[in-house]
Amino acid sequence: MNESSLDQLPELLARACAGEMSAFSELLEAEQPRLLGQALAFCQDRHQAEDLVQETMIAAWKSLPRFDGSCRLFTWLYVILLRQHRRSLGWFSRRLPLATLQQQLVAERFEPATEEGTEAAEATEAELLRAMIIALPTRHREVLRLRFYADASEAEIAAALGISAGTVKSRIHNALKKVRQMKEKVNRLRRPGY
Amino acid sequence: MNLNNDESRLREELQRDAARIPVPPFDPVLHHAAIRRIRALAKPQQPAWWPALSAVAAVLVLAMVFTHFPARPIQSPLVKPVESVASLPSTTVWAYRQVVAQGEDALLDRLAEDARRVLPTSTPIVASLIN
């Protein structure tokens, strides 16, 4: 979305909220690439990611009258994307034994002494970090993704999730603590003397 | 202090990972497919008459069936018709209390008598079984 479009954002939003499809289409056109990028990061599969973006757009259209502009449109859309993704995962989103398996697999094939600092090692660390985020409880996963991956402020997250800023702060803190504990566990797994 | 360092390191790590996620170019095919689906959902839908009509028809058919063929109880040939039981003088609790006052034998006689009146006449069958 260019600068002139940004100026028109409130007007576009108002028209879209009033049910004007062309305004909604224009709004979503600007947000689609970032949404698709995030969906690809979640799904690791183009087809599934496209489905997820489509479902997100449909859900956004349905609940657009409830969007009050208290956070950025992307933050609001990102919350919908997260929830659609969680719904598509179903039961596993709450239990996720997959994440635990993934951590073990990554830990087994990682050799820090020889590869540390290389691109492959960084990619492995990133994969591990994402697996840890997936393994978090939903409320923690949501705030971490919104804070770091959607670049939303704590106030924005509070508005988008309908919770207080204090709750957002404490959830982020607890989520980071849990990730840190997981990292320590994984480090112990790959380096017994760590 | 160490925990704070760990947390800020982790924050930086998350920010680095987020920056690593590529932003693909705009996909017009995907966008139009989604908009098409939304347009289809947004179309005012015709009220579905056929479920309501079929429900009304089913109710009418059932009403006709019950009007023309009223339900009759299925009775065993051994069981006496209900009408005959209904026509019998009902034995009241008061009557039983009167009989109890006369003694246990009187009560047993009364119960046997009432049973003969109310229950089906199974004597021939029982008799044949005993014999």
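So that the names make sense, note that chain A is the first sequence line, chain B the second, and so on, each numbered from 1.
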Is A:Ala41 in contact with chain B via its backbone, its side chain, both, or neither, using a 4.5 Å heavy-atom distance?
side chain

Do B:Leu10 and A:Leu129 touch side chain to side chain, with heavy atoms closer than 4.5 Å?
yes

Please test A:Ile172 against B:Arg11 for side-chain contact (heavy atoms from CB on, under 4.5 Å), starting from the C-alpha separation and ending with a verdict.
CA-CA 10 Å; A:Ile172 291 176; B:Arg11 280 173 184 268; 3.7 Å; yes

In terms of heavy-atom proximity below 4.5 Å to chain B, should A:Lys62 be classed as side chain, backbone, both, or neither?
side chain

Nearest heavy-atom neighbours spanning B:Ile21 and A:Arg130:
CG1-NH2, 3.6 Å

Using heavy-atom distances under 4.5 Å, tell me whether B:Pro24 contacts chain A through its side chain, its backbone, both, or neither.
both

If two hydrophobic side chains count as joined below 4.5 Å and joins carry through other members, does A:Met21 share a cluster with A:Leu64?
yes

Tell me whether B:Glu7 contacts the main-chain N or O of A:His173 through its side chain, where contact means a donor paired with an acceptor under 3.5 Å.
no

Is it the case that more than 12 heavy atoms not belonging to A:Lys178 sit under 6.0 Å from its NZ atom?
yes

Side-chain touch A:Trp61/B:Leu41, heavy atoms, less than 4.5 angstrom:
no

Between A:Val79 and A:Ile163, is there shared hydrophobic-cluster membership here, with clusters defined by ILVMFWY side-chain heavy atoms closer than 4.5 Å?
yes

Measure the shortest side-chain to side-chain distance between B:Leu14 and A:Ile133 over non-hydrogen atoms and say whether it is less than 4.5 angstrom.
yes

Could you report the tightest heavy-atom contact between B:Ala33 and A:Gln54, atom names first, then the distance?
CB-NE2, 3.5 Å

Against chain B, work out which of A:Glu50, A:Arg34, A:Glu29 has the most heavy-atom pairs shorter than 4.5 Å and name it.
A:Glu29

With a 4.5 angstrom heavy-atom cut-off, which part of A:Leu35 approaches chain B: side chain, backbone, both or neither?
neither

Any non-hydrogen side-chain atom of B:Ile35 less than 4.5 Å from a side-chain atom of A:Leu28?
no

Taking A:Leu36 as the starting point, is it possible to reach B:Phe26 by hopping between hydrophobic residues whose side chains are less than 4.5 Å apart?
no

Under 4.5 Å from a heavy atom of chain A, the part of B:Arg16 involved:
neither

Would you say the side chain of B:Asp17 lies within less than 4.5 Å of the side chain of A:Tyr149, judging by non-hydrogen atoms?
yes

Does B:Val23 share a hydrophobic cluster with A:Phe42, counting links as ILVMFWY side-chain heavy atoms below 4.5 Å and allowing steps through other members?
no

Flag side-chain contact, heavy atom, 4.5 Å: A:Lys183 against B:Glu13
yes

Looking only at A:Arg147, A:Glu55, A:Arg145, most heavy-atom pairs under 4.5 Å shared with chain B are made by A:Glu55

